[in-house]
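One structure below.
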Amino acid sequence: MGVGIRVTNLNAWYGDNHTLQDINLHMPANNATALIGPSGCGKSTFVRCLNRMHETNPIARATGSVMMGDLDIYKDASPVEVRRRVGMVFQRPNPFPTMSIYDNVASGLRLNGFRNRRVLDEVVERSLRSAALWDEVKDDLKRKSGASISGGQQQRLCIARALAVDPEVLLMDEPASALDPVSTSKIEDLIFQLKSQYTIVIVTHNMQQAARVAENTGFFLNGKMIEFAATHKIFTNPTDKRTEDYITGRFG
Amino acid sequence: MRDSIKTGRVRSAWRWSANHVFTLLAVGSTVLVLAPLVAIFIYLLYKGASSLNWAFFTQIPKPVGESGGGMANAIVGSGIILAIASAIGIPIGIAGGVYLSEYGRGRMLANAVRFTADVLNGVPSIVMGISVYALIVLKAKHFSGYSGGVALGIMMIPTVIRTTEEMLLTVPSAIREAALGLGVPAWRAVVSVSLKTASPGIITGCMLAFARVAGETAPLLFTAFGNAFWSTNPNQPMAALPLQIYVYAISPYDDWHRLAWAGALVLIAMIMVSVSLVRYVASRGILKGAS
């Protein structure tokens, strides 16, 4: 089951560059939240703060609080613990090239020391089914490398890999931007189904995509969150002039 | 109109010849690079193959004046010394390379290590022999196989450290982040994902280092020293192929010269076999379509 995410006064820096300024928002459990905004506005930095991936860069830091359910991920948990509860799917598919399809999906559990074969088999099948990839790869599970399937399949493999560790939250940083329209619509269908079990945060440049999959949408500009509201409201009746300018294509 | 067609033809003729000239240059250079290697091997076969026989691989050297004998002790000695050298040079080198690429980026210590490795790479091998002589042999008061292994092991470190670093740097950061994003501890991500992805290149680097020190003579002169008898105890002076070749080659006896050629042939063959074997074994684990 997903958990709600409450972000309070989140600030983030890369060196002297203040990339996120006083972000406050609440993302309800088992919803999809879309983040839109022009390139460099801080959307990616924001999602990277939600699984503490931001701080893997030595010059980066962040302040403020991020509550996932009852857990303050910056106070009560180590980055490793946080990332076990928060799955992440990146912009470009990044399966482990030296591992088979099976090993890719099993990697999250295996690399954390989990060895029970029967359970692994079950988890791999369940995750690949959830990611709508099982039927396409079930005959090649251990024979093919994760890097040998098509780009769209690779991205669904990465989703399966993230789901296999049974996270509560799934972060997706432009998951379909490197994919063709058919693969994109598969990923969108998937997000729609996954919402029932996970809280999803999706960064996207594609506003139709945001409108299709997300209950709520946040608009970022220059490191600030300009507006956060129900998706239909953002797209039909935005409060802020800048949001309106952006979604009507007047800038960005 | 006609003019432009004409210049078009001239141009394409020029392109055709330029293309072929450069192809020829590239092929020519490749042949030039391969020629010495092939020439050496053929010459070794010509000079050494006739002296290779069963006795060469099973017997130890005969005393001066008697003909026959072999280099069994030197072959085994080289194997032991190289095993010790690899056991020292490869783990330290890989660990150092991991530090340089994964933990030490931009740090003073990393720059110092990188600089030291490059200098160490340029230290003449005889100096390495003398240093190990002073540090180990003098303290132990006797020559020993393990001191030769230490000298060669230290010589392996710079190559292994630098190739490990270079190869790890070619692993895309997206792959690293994928591992970290799954809640994998950083050390585990390095070992199971970064190192594994970079392993073909790292293995090549280790083999390069191995092949380089396998033929070293100078560092062994003051350390392993050589031994005319069976010596499998690393704490005793130990025979090694390069040493044996050296001693036989500068001797005044024709029979020993022939054995020296045979020894050189065996040394090169040993290096080629071990490198190919490691590559074969390493390539078997790689899946279809893995880059």
Charged N-O contact under 4.0 Å between [X] and [Y]:
{"X": "B:Arg162", "Y": "B:Glu166", "value": "yes"}
{"X": "A:Arg129", "Y": "A:Glu125", "value": "yes"}
{"X": "A:Arg143", "Y": "A:Asp140", "value": "yes"}

Sort out for me which residue in A:Phe220, A:Tyr14, A:Trp13 forms a side-chain contact (heavy atoms from CB on, under 4.5 Å) with A:Leu20.
->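 Exactly one candidate clears the test, A:Phe220.
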Only one of A:Met53, A:Met172, A:Gln155, A:Glu174 passes side-chain contact (heavy atoms from CB on, under 4.5 Å) with A:Phe90; say which it is.
->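 Of all the options given, the one that passes is A:Met53.
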Quick one: what part of [X] sits under 4.5 Å from any heavy atom of chain B, side chain, backbone, both or neither?
{"X": "A:Arg110", "result": "backbone"}
{"X": "A:Pro79", "result": "neither"}
{"X": "A:Val86", "result": "backbone"}

Go through the atoms of B:Ala179 and report whether side chain, backbone, both or neither lie under 4.5 Å from a heavy atom of chain A.
->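 Backbone plus side chain of B:Ala179, per the 4.5 Å heavy-atom cut-off to chain A.
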Contact origin within B:Val184 toward chain A - heavy atom pairs under 4.5 Å =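 When you check distances to chain A, atoms from both the backbone and side chain of B:Val184 fall under 4.5 Å.
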